[in-house]
Structures are given as structure tokens and as C-alpha cells.
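What you are looking at is a predicted structure, and each value in this text was computed from that prediction instead of being measured.
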Amino acid sequence: DTHHYVADDLAQLAVVAQSRGDFEAAARLSGESLAVCRAVYGGEHSIIAFALNTQANSLRAMGRSGQAVPVLREVVAQYRKLMGPEHRFTLTVTGNLARALRESGRYSEAESLFREVLSKLEAGHQADPAPVVQIRIALGRTLNDLGRSREALPLLEPTTAVMRDRYGADSWRTAEA
């Protein structure tokens with residue numbers, strides 16, 4: 001049966017469309033991949049989670065974060081079951097869900113998920129500080145959105161130091177942190 005090849009090819013085409021900035025095509029292709037995946041694999045499979053994640057990222061890129069939230073919830077649930085709650089893919093998509101919640105104005109829910117991801121990343125002693133830095137920045141911005149900028153400062157100050165060391169004091173990445 002070659003259906004799984006078709007599903008994988010559609011998912012890969014969706015990623016290519018997304019990288020070109022064609023988010024409408026990426027959403028459509030990931031939807032087509034998802035339909036084939038569900039027919040072939042049923043409810044849970046890593047390629048289904050991949051197609052869902054591509055679809056959610058496309059929705060977020062088109063400014064439709066509210067629509068991405070339920071899709072990302074399904075991705076998180078599948079990755080937790082398939083790979084475990086501490087796996088880097090699970091933590092990445094949980095962070096993406098938190099970002100979609102923040103973009104949708106659901107700051108308290110976003111804060112909770114950002115804290116969960118940050119705790120797991122820090123407990124895992126990540127060799128690469130980038131994921132920790134990204135979550136700290138997102139959590140800091142969420143706290144600021146909630147009117148709690150004083151809580152954000154202790155999160156952001158060490159982040160700025162890491163960014164300065166990694167990219168230099170004059171980098172836009174450092175300034176963004």
C-alpha cells in the first residue's frame with residue numbers, strides 16, 4: 001500500500017510551501033496529508049502529528065492563532081502519548097500552543113504552559129540554551145501582557161546576557177530579548 005508515501009509527500013510539500021511563505025497552500029496540503037494519514041493510520045501516528053503541526057503553524061502564520069489552538073492541543077496530546085511529556089518535540093509543540101494562546105489573548109493559559117515547558121527544559125539541562133531563552137522571552141512577554149512586568153524582569157535579564165554572549169551586544173536578537 002503506497003498511501004503512506006502520498007501522505008508523507010503531501011506533508012513535505014506543505015513544509016516547502018510554508019518555507020516559501022505560501023501559508024494558504026501549506027494549510028491546504030497539510031489538510032490533504034492529514035486526511036490520507038487518518039485514513040491509513042487511524043487516530044494517532046507521528047506523521048499525523050507532523051501534519052497537524054504544519055497545519056497549525058500555517059494558521060498561526062496567517063494570523064489565525066485562535067483556529068490553531070485546538071489543532072495544537074491535538075498535536076501536544078499525540079506527542080505526549082507517542083514520545084513522552086519530556087521529549088523535545090513535545091516541549092516544542094507545547095511552547096507553540098502557549099504562543100498561539102498568547103496570540104489569541106489567552107494569557108493565563110499561555111503563562112501556565114510556558115512555565116511548564118520552562119521547568120522541563122531547565123530540569124533537562126539543555127546543552128543548547130536557545131529553547132530556554134525562547135521560552136523565557138515568551139513567558140516574560142506574557143507576564144508583561146498580564147501587567148506583571150516586575151515578574152518578567154528576572155526572567156529576561158539572564159536571557160539578555162545569553163543572547164549578548166551568543167550574538168553580540170549590537171545584534172537585533174539581543175535587542176529583541
Side-chain angles (χ1 to χ4, degrees), residues 6-121 130-148 152 155 173 176-177:
V6 172
D8 188 49
D9 288 348
L10 287 167
Q12 295 303 321
L13 284 171
V15 170
V16 170
Q18 195 172 52
S19 70
R20 288 190 344 245
D22 189 351
F23 302 111
E24 293 286 342
R28 181 182 47 76
L29 288 164
S30 62
E32 290 174 22
S33 172
L34 190 56
V36 174
C37 287
R38 289 195 194 276
V40 172
Y41 300 112
E44 294 175 347
H45 193 278
S46 59
I47 197 159
I48 292 174
F50 179 81
L52 285 166
N53 191 49
T54 302
Q55 188 174 54
N57 288 336
S58 296
L59 289 168
R60 284 185 58 221
M62 291 186 292
R64 295 167 28 197
S65 295
Q67 290 176 297
V69 168
V71 177
L72 284 165
R73 286 192 196 282
E74 186 175 350
V75 175
V76 169
Q78 285 204 24
Y79 275 138
R80 282 184 177 159
K81 186 171 184 176
L82 295 168
M83 299 180 184
E86 314 291 323
H87 193 278
R88 65 186 180 95
F89 290 164
T90 305
L91 296 177
T92 297
V93 297
T94 303
N96 289 344
L97 171 57
R99 285 179 184 87
L101 288 164
R102 178 178 177 258
E103 292 159 1
S104 300
R106 295 158 68 178
Y107 304 119
S108 295
E109 286 179 85
E111 177 192 2
S112 176
L113 284 176
F114 282 134
R115 288 190 185 280
E116 175 188 327
V117 171
L118 183 61
S119 172
K120 289 177 181 178
L121 286 172
V132 174
V133 166
Q134 291 169 355
I135 294 297
R136 282 178 167 267
I137 290 169
L139 176 56
R141 289 178 178 164
T142 303
L143 291 170
N144 192 50
D145 292 337
L146 287 164
R148 295 165 35 206
L155 284 167
R173 289 182 174 116
E176 188 175 79

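Checked by atom type and distance alone, the side chain of T90 pairs as donor or acceptor with a backbone atom of G84 at under 3.5 Å. A donor-acceptor pair is defined here as one N or O able to donate and one able to accept, closer than 3.5 Å; no such pair exists between the side chain of S119 and the backbone of E116.
Across every non-hydrogen atom of F89 and Y79, the tightest pair is O-CD1, 4.2 Å. For the pair A56 and V71, the tightest heavy-atom approach, listed with the atom from each and the gap, is CB-CG1, 3.8 Å. The two residues S104 and S65 come nearest to each other via the heavy atoms OG-C, 3.5 Å. Across every non-hydrogen atom of R60 and A68, the tightest pair is CG-CB, 3.7 Å. Nearest heavy-atom pair across L91 and P85 is CD2-O, 3.6 Å. Closest approach of A27 to Q55, counting heavy atoms only: O-NE2, 3.9 Å.
How far CG of L10 is from OG1 of T54: 11.5 Å, rounded to the nearest 0.5 Å. Taken from OG in S108 to CG in L113, the straight-line distance is 11.5 Å, to the nearest 0.5 Å. For the atom pair CZ (R38) and CD1 (I47), the distance works out to 12.5 Å, reported to the nearest 0.5 Å. Rounded to the nearest 0.5 angstrom, S46 OG and L82 CG are separated by 6.5 Å. Note that OH of Y107 and CG of L143 are 12.5 Å apart. Values are rounded to the nearest 0.5 Å. With rounding to the nearest 0.5 Å, the separation of CZ in R102 from CG in D145 is 4.0 Å.
Counting only residues at least two apart or in different chains, side-chain hydrogen bond (donor to acceptor under 3.5 Å, both in side chains) contacts with residues 24-33 comprise R28-E32.
T92 places none of its side-chain heavy atoms less than 4.5 Å from the side chain of P131. Side-chain contact between K120 and T94 is absent, with no heavy-atom pair separated by less than 4.5 Å. Considering only heavy atoms from C-beta on, E111 comes within 4.5 Å of R148 through its side chain. A heavy-atom distance below 4.5 Å is found between the side chains of F50 and Q12. The shortest distance between side-chain heavy atoms of V69 and R106 falls below 4.5 Å. Proximity of F114 to R136: side-chain heavy atoms (C-beta onward) are nowhere separated by under 4.5 Å. Between C37 and H45 there is no side-chain heavy-atom pair separated by less than 4.5 Å. The closest side-chain heavy-atom distance from L72 to N53 is below 4.5 Å.
Checked for salt-bridge contact, R99 and E103 miss the test: no charged N lies under 4.0 Å from a carboxylate O.
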Pair L118-L155, side-chain contact (heavy atoms from CB on, under 4.5 Å): steps then yes or no: CA-CA 11 Å; L118 183 61; L155 284 167; 4.0 Å; yes
